[in-house]
Amino acid sequence: MSVPRGAVHAKWIVGKVIGTKMQKTAKVRVTRLVLDPYLLKFFNKRKTYFAHDPLQQCVVGDIVLLKALPERRSKHVKHELAEIVFKVGKVIDPITGKPCAGTRFIENLSDSENLTEADTTYLSEKLQELKVCSTDK
Amino acid sequence: MPMKGRFPIRRTLQYLSQGDVIFKSSVKVMTVNYNTSGELSEGARKFVFFNIPQIQYKNPWVQIALFRNMTPSPFLRFYLDTGEQVLVDVEAKTNKEITEHIKKILGKSKETLEKEERERKKLSHPATFGPKKYHLRECMCEIEGQVPCPAFVPLPKEMRGKYKAAMKNEA
């Protein structure tokens with residue numbers, strides 16, 4: 001019996017990284033929707049997978065895509081990191097390609113190039129007022 | 001006594017089985033990013049509320065992950081077995097349009113479904129009798145026009161083995 005790829009049922013999974021304390025391994029929590037037989041409602045069921053992350057580039061909170069390895073790497077590690085879908089804190093909107101946070105885009109934070117002359121003089125005046133002079137007592 | 005909840009019809013087997021989006025076998029993961037507020041995300045929200053249960057019921061082996069308020073624009077992303085990713089922008093679309101679109105791009109076509117149905121029908125023979133799990137009918141007595149079940153209506157004398165044996169002995 002040949003197993004072409006994946007000694008495990010789940011070939012591709014998307015999950016959230018919950019732990020990176022292991023060397024080159026990320027602990028990923030995967031949620032699937034499971035139907036409750038009486039309520040007939042779908043609930044999230046969690047399962048943790050361990051994924052091989054050779055460059056240790058995952059941070060807790062990233063959303064990652066895991067790919068099943070052809071054979072098990074160790075007792076628990078059966079997947080490897082395919083790509084980081086959303087990096088925590090640096091989410092990039094795939095439609096526009098711009099960085100965003102929540103429901104707003106993060107505009108370019110350094111505005112110093114767009115300041116006019118009047119703005120710079122005004123700001124420097126304000127800075128002068130704030131300057132604390134040492135008064136000898 | 002009415003059902004509990006906002007739209008409890010979503011929690012009926014009839015509603016769930018009415019979903020007509022059946023994904024191709026190469027689709028493994030479906031990710032939905034949507035926002036909880038805003039006009040543009042309204043269709044996506046309705047899609048998640050009404051159509052996701054139907055889709056998951058029909059495709060139990062597809063992982064569906066929902067992400068809320070991560071990006072300003074709502075979208076769907078599918079991860080296929082080949083490693084390919086399909087990005088679907090659902091900004092300012094109604095939930096019906098979204099289901100139609102994904103049915104068109106990643107759903108099994110009607111011909112494929114019919115062919116699979118025919119294959120499944122071929123495996124089971126409709127003319128055999130046996131347990132309900134594998135056959136249509138359990139006994140000939142269930143069919144109208146045939147001899148009724150002796151458990152409910154006693155057989156006429158001539159059909160009973162006792163009478164037949166007595167007649168043979170006599171002759």
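Letters A, B, ... are given to chains in the order of the sequence lines, protein chains preceding strands, and every chain is numbered from 1.
- For a residue to count as touching a neighbouring chain, one of its non-hydrogen atoms must lie under 4.5 Å from one of that chain's; by this rule B:T36 does not touch chain A.
- One hydrophobic cluster, built from ILVMFWY side chains closer than 4.5 Å, holds both B:V88 and B:V62.
- The contact between B:N35 and chain A is made entirely by side chain atoms (from C-beta outward), counting heavy-atom distances below 4.5 Å.
- Counted within 6.0 Å of CZ on B:R137, heavy atoms from surrounding residues, nucleotides or ligands total more than 12; the atom is thus considered enclosed.
- Between the OG1 atom of B:T71 and the CD1 atom of A:I95 there is a distance of 7.5 Å, given to the nearest 0.5 Å.
- Contacts between B:L87 and chain A at a heavy-atom distance below 4.5 Å involve the side chain alone, from C-beta outward.
- Chosen from B:E91, B:M3, B:M70, the residue pairing most often with chain A at heavy-atom distances under 4.5 Å is B:M70.
- In B:Q14, the CD atom is not crowded: 12 or fewer heavy atoms of neighbouring residues, nucleotides or ligands sit closer than 6.0 Å.
- Note: B:R77 leads B:R10, B:R77, B:K4 in heavy-atom pairs under 4.5 Å with chain A.
- At most 12 heavy atoms of other shown residues, nucleotides or ligands fall within 6.0 angstrom of atom CD1 in B:I9.
- Looking at A:V85, only its side chain comes within 4.5 Å of chain B, counting heavy atoms on both sides.
- Put simply, A:I63 and B:Y79 are part of the same group of oily side chains (I, L, V, M, F, W, Y) that touch within less than 4.5 Å, one to the next.
- Heavy-atom distances place both the backbone and the side chain of A:I13 under 4.5 Å from chain B.
- Both the backbone and the side chain of A:V14 come within less than 4.5 Å of a heavy atom of chain B.
- One finds the CG atom of B:D81 at 9.5 Å from the NZ atom of A:K67 (value rounded to the nearest 0.5 Å).
- More than 12 heavy-atom neighbours from other residues, nucleotides or ligands sit within 6.0 angstrom of CD on B:Q146.
- Ranked by heavy-atom pairs shorter than 4.5 Å toward chain A, the options B:G83, B:A65, B:P60 are led by B:G83.
- Residues from residues 35-48 of chain A that place a non-hydrogen atom less than 4.5 Å from a non-hydrogen atom of chain B comprise A:L35, A:L39, A:L40, A:K41, A:F42, given in numerical order.
- Note on ring orientation: taking the six-membered ring where Trp is involved, the planes of B:F67 and A:F86 are perpendicular (angle over 60°, cut-offs 30° and 60°).
- Within 6.0 Å of atom NZ in A:K16, 12 or fewer heavy atoms from other residues, nucleotides or ligands are found, so the atom counts as exposed in its surroundings.
- The environment of CZ in A:F105 is crowded: more than 12 heavy-atom neighbours from other residues, nucleotides or ligands sit within 6.0 Å.
- To the nearest 0.5 Å, atom OG1 of residue A:T96 and atom CG of residue B:D89 are 9.5 Å apart.
- Both the backbone and the side chain of B:L13 come within less than 4.5 Å of a heavy atom in chain A.
- No option in B:K28, B:Q85, B:Q63 other than B:K28 meets the side-chain contact (heavy atoms from CB on, under 4.5 Å) test with A:W12.
- The number of heavy atoms from other shown groups lying within 6.0 Å of CZ (B:R11) is above 12.
- To the nearest 0.5 Å, atom CG of residue B:N33 and atom CG of residue A:D93 are 8.5 Å apart.
- No continuous path of hydrophobic side-chain contacts links B:I22 to B:L16 [ILVMFWY only; heavy atoms under 4.5 Å].
- Of the atoms belonging to B:S73, heavy atoms from both backbone and side chain fall under 4.5 Å from chain A.
- Heavy-atom contacts from other residues, nucleotides or ligands closer than 6.0 Å to NZ of A:K87 number more than 12.
- Neither the backbone nor the side chain of B:R68 has a heavy atom closer than 4.5 Å to any heavy atom of chain A.
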